[in-house]
Amino acid sequence: MQNHMKKIAFFGGSFDPIHFGHLNLAIQMKERFELDQVLFSPTPCSPFKLDSPPGASLEHRSKMIKKAINEIDSFLLCEIESKFEKISYTIDALLELKQINLDAQIFLILSNEAFKGFNKWKESDKILEIATILVGSRDNYLPDGELLGKIPKENFVKMPILDISATEIRERLKKDLYCGHLVNHKVLEYIELHKLYQS
Ligand code: ATP
């Protein structure tokens with residue numbers, strides 16, 4: 001029996017592909033907030049990226065996540081968003097997650113980049129009611145105005161954010177450049193096997 005409320009963190013993104021920047025953010029949040037589970041949730045397609053849908057299918061991206069997190073205790077693939085088909089909103093995934101984990105405290109992991117657009121997210125106020133937001137940034141970032149009153153300052157965490165983006169990785173793969181310093185080698189093997197990101 002656990003003597004504390006289970007802490008479950010939701011970490012959503014395209015993960016196209018998952019890289020060390022994602023893992024570093026998630027590991028730092030897990031350790032700092034003593035999270036029991038971190039759920040990696042690949043989005044079918046982000047409402048903010050409709051013009052540039054993911055390069056790899058949801059199935060491929062999910063499998064790559066599994067390979068990347070396999071050895072990391074308490075990191076799991078979350079498949080809630082897979083049934084949302086096309087566009088997926090974080091609020092809908094969080095509502096479902098809460099529904100199946102009524103006794104848990106739900107967290108939402110974001111980078112400061114992602115958090116900067118948070119005001120424009122569907123039902124952002126409701127997200128704040130359901131989930132405790134955790135934001136990682138490389139500087140001492142704090143939002144201004146209203147949001148600051150709604151999220152504890154300690155939840156804005158200064159950390160060494162790795163300068164890695166999936167866009168850069170896809171470009172390097174296209175040029176057949178080495179990516180072992182950016183992506184788990186098992187994920188790279190998967191990419192090679194399935195000939196992903198070649199064009
Ligand atoms: P793309 O380059 O395709 O836009 P991305 O690398 O930014 O992708 P996403 O899958 O869109 O990755 O990101 C998922 C989440 O991880 C978002 O909150 C995003 O801001 C965050 N994130 C992305 N890259 C990093 C990084 N290097 N360090 C910390 N967080 C990151």
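In listed order, ligands and their atoms are each counted from 1. What's counted below: heavy atoms across the whole structure, side chains too, no hydrogens, waters or symmetry copies.
- In terms of modelled atom types and a separation under 3.5 Å, the side chain of R61 and the main chain of T43 share a donor-acceptor contact.
- In this structure, F40 and F75 have tilted ring planes: the angle between them lies in the 30° to 60° band.
- Cation-pi contact between K122 and Y89: present, with separation from the ring centre below 6.0 Å and deviation from the ring axis of at most 45°.
- For the pair I164 and ligand 1, the shortest N or O to N or O distance falls below 3.5 Å.
- In terms of polar-atom proximity, S14 is counted as a contact of ligand 1, with an N or O under 3.5 Å from an N or O of the ligand.
- The protein heavy atom nearest to atom 2 (O) of ligand 1 is T167 OG1, 2.5 Å.
- By heavy-atom distance, the residue among D16, N112, L25 lying nearest atom 30 (N) of ligand 1 is L25.
- The protein heavy-atom contact nearest to atom 20 (O) of ligand 1 is S111 OG, 2.4 Å.
- Among A166, S137, A114, the residue whose heavy atom lies closest to atom 18 (O) of ligand 1 is A114.
- Looking at T132 and Q105, their side chains do bring a donor and an acceptor atom within 3.5 Å of each other.
- Here the protein heavy atom with the shortest distance to atom 9 (P) of ligand 1 is H22 NE2, 3.6 Å.
- Atoms of ligand 1 found under 4.0 Å from any heavy atom of G13, numbered from 1 in the order shown, are 10 (O), 14 (C).
- For F10 and F107, the gap between ring centers reaches or exceeds 6.0 Å.
- Which of G21, P54, S165 comes nearest to atom 28 (N) of ligand 1 through a heavy atom is settled by distance: it is G21.
- Between H22 and H19, the ring planes are parallel. Angles under 30° get that label, and only those over 60° would be called perpendicular.
- Below 4.0 Å from some heavy atom of R170 lie the following atoms of ligand 1, by number and element: 3 (O).
- Residue-level proximity to ligand 1 for E168 is absent, since no heavy atom of it falls below 4.0 angstrom.
- No hydrogens or angles considered: nothing links the side chains of H60 and D16 as a donor-acceptor pair under 3.5 Å.
- A salt bridge is absent between E113 and R138; no separation between the charged side-chain nitrogens and carboxylate oxygens falls under 4.0 Å.
- At a heavy-atom cutoff of 4.0 Å, ligand 1 is contacted by the backbone of L162 but not by its side chain.
- Ion pairing between K63 and E59 holds under the 4.0 Å rule for side-chain N and carboxylate O.
- Near F15, meaning under 4.0 Å from one of its heavy atoms, ligand 1 places the atoms 10 (O).
- Within the listing of ligand 1, atoms 14 (C), 15 (C) sit less than 4.0 angstrom from a heavy atom of G12.
- Counting only heavy atoms of the protein, atom 11 (O) of ligand 1 lies nearest to K49 NZ, 3.0 Å.
- Residue H19 places at least one N or O, backbone or side chain, under 3.5 Å from an N or O of ligand 1.
- Looking at ligand 1, you won't find any N or O of F11 less than 3.5 Å from one of its N or O atoms.
- Remark: the backbone N or O of F33 is paired with a side-chain donor or acceptor of K7 at under 3.5 angstrom.
- The closest side-chain donor-acceptor pair between E81 and S41 falls under 3.5 angstrom.
- Atom 22 (N) of ligand 1 is approached by the protein to below 4.0 angstrom, counting heavy atoms only.
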